[in-house]
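Below is one structure, written out as structure tokens; the observations come after it.
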There are 2 protein chains.
Amino acid sequence: MLSKKCKYAIHALVYLAERYEQGPVQIQDISEAQHIPKKFLEAILLELRHAKILESKKGKGGGYYLIRKPAEVNLMQVMRLIDGPIALLPCVSLNYYHSCDECKNEKICGIRDSLISVRDETLKILGNSTLAKIVKRERLINK
Amino acid sequence: MLSKKCKYAIHALVYLAERYEQGPVQIQDISEAQHIPKKFLEAILLELRHAKILESKKGKGGGYYLIRKPAEVNLMQVMRLIDGPIALLPCVSLNYYHSCDECKNEKICGIRDSLISVRDETLKILGNSTLAKIVKRERLINK
DNA sequence: ATATTAATCTATTGATTTAGTAGAGTTTTA
DNA sequence: TAAAACTCTACTAAATCAATAGATTAATAT
């Protein structure tokens, strides 16, 4: 399961993608529209800024905005950033690999194969789920 | 990520599947072979017994054993039993569904589509990963 | 019968993670 | 220079995770 933090991050990014290149959007605005606790959202947006997905502007007329094209930000990146590994076990993780201490021999483990398949299928779908596609999908539904 | 509990459960089940129809296997035996804390393993096996996957026998010569064919137990069942939902959000879970309180309208949510795809692909793979296949795979590797 | 073996049940615990909150500080702009 | 809005540090309550302890019950062999 994704953490609430990650879900909030995705919703905030989709919200900002809908307003791409329309100037800064205030935390307060996102918070109210997406029903995300403001203080919690602050921390999330800061993290996305540190990851160079967002940029911010302080002072009056300030706020957050996407600095990457909506087609270049996908759910795989966001989930890895906020929640860490996507794989179901550390020993099949690409980005957060570490061996299971209780397995003496990883090669012999019969469950890794399945978990590697799950990981690869999941990454394929999430990597393909860009903000651009999500926004487009929502616009279609609303018509 | 799977919990350690779930990983332990899977390894214990694979161990029992290797010994299917060969009589009860003691907790101590599984615990040592798979490096699982004994007391923790006790609780796990009990849970698998309550789920009618295992049965136990007390006293001398007692232990745990599979009461379902290894081909009829898969990772999807075990993960759901021990860790709960497989889906990435409650609102796309088949077995543990509940709506996101902050979403007023689920139909409009652009991220559900991707998460439903992830869920379906994951279930397909995990549902297909039976103990029988895992044991077979391990035997092949060991040759 | 009784000792031994091995699962069962109740309960508690420490560590970690999750989901926030509080409040002072800094930067920008009108 | 006041107000707006992000930034940073620190803290906290609740839940979950990963066990552990100890007494109890049931089955078997002798």
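Order of the sequence lines fixes the chain letters, A, B, ..., with proteins taken first and strands second; residue numbering starts at 1 for each chain.
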Round to the nearest Å and state the distance from [X] atom [atom1] to [N] atom [atom2].
| X | N | atom1 | atom2 | answer |
| --- | --- | --- | --- | --- |
| Leu41(B) | dT8(C) | CG | C1' | 14 Å |
| Lys60(A) | dT1(D) | NZ | C1' | 13 Å |
| Leu48(B) | dA7(C) | CG | C1' | 15 Å |
| Ile82(B) | dT16(D) | CD1 | P | 16 Å |
| Tyr65(A) | dA5(D) | OH | C1' | 14 Å |
| Ile27(B) | dA6(C) | CD1 | P | 10 Å |
| Lys7(A) | dT18(C) | NZ | P | 15 Å |
| Lys39(B) | dT13(C) | NZ | C1' | 15 Å |

Nearest to the [X] side chain among [options], which nucleotide is it?
| X | options | result |
| --- | --- | --- |
| Pro37(A) | dC6(D), dT25(D), dT21(C) | dT21(C) |
| Leu46(A) | dA21(D), dT5(C), dC8(D) | dC8(D) |
| Phe40(B) | dC6(D), dA18(D), dA22(C) | dA18(D) |
| Glu42(A) | dA7(C), dC8(D), dC9(C) | dC8(D) |
| Gln26(A) | dA5(D), dA18(D), dT7(D) | dA5(D) |
| Tyr8(B) | dA19(D), dC6(D), dA30(C) | dA19(D) |
| Lys4(B) | dT28(D), dA19(D), dC8(D) | dA19(D) |
| Lys58(A) | dA18(D), dT8(C), dT28(C) | dT28(C) |

Quiz item: Between Lys7(A) and Glu102(B), does at least one N-O distance fall below 4.0 Å, as a salt bridge requires?
Solution: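 Counted as a salt bridge, because a side-chain N and a carboxylate O are separated by less than 4.0 Å.
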
Quiz item: Is the closest basic N to carboxylate O distance between Lys5(A) and Glu47(A) below 4.0 Å?
Solution: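 A salt bridge links Lys5(A) with Glu47(A).
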
For [Y], is there any backbone N or O sitting under 3.5 Å from a side-chain donor or acceptor partner on [X]?
| X | Y | answer |
| --- | --- | --- |
| Glu138(B) | Gly110(A) | yes |
| Asp83(B) | Ser3(B) | yes |
| Asn74(B) | Thr130(B) | no |
| Ser31(B) | Ile36(B) | yes |
| Tyr64(B) | Lys57(B) | no |

Check the phosphate of [N] against [X], side-chain N and O only, distance under 4.0 Å to OP1 or OP2. Yes or no?
| X | N | answer |
| --- | --- | --- |
| Ser56(B) | dT8(C) | yes |
| Arg49(A) | dT7(D) | yes |
| Lys57(B) | dT28(D) | yes |

Quiz item: How would you label the contact of Gln28(B) with the nucleic acid (heavy atoms, under 4.0 Å): base, sugar-phosphate, or nothing?
Solution: nothing

Quiz item: Touch check for Leu45(B), heavy atoms < 4.0 angstrom, all strands: base, sugar-phosphate only, or nothing?
Solution: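 Contact class for Leu45(B): none.
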
Practice problem: Taking all heavy atoms of Val135(B) and all of Ala17(B), pick out the closest pair and write down the distance. | Solution: CG2-CB, 3.7 Å

Quiz item: Near DNA chain C, which residues from residues 88-97 of chain A have a heavy atom under 4.0 Å away?
Solution: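 By residue number: none to list.
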
Self-check item: 5' precedence on DNA chain D between Gly61(A) and His50(A) (nearest-nucleotide basis)
Solution: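 Checking each residue's closest nucleotide, the 5'-ward one belongs to Gly61(A).
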
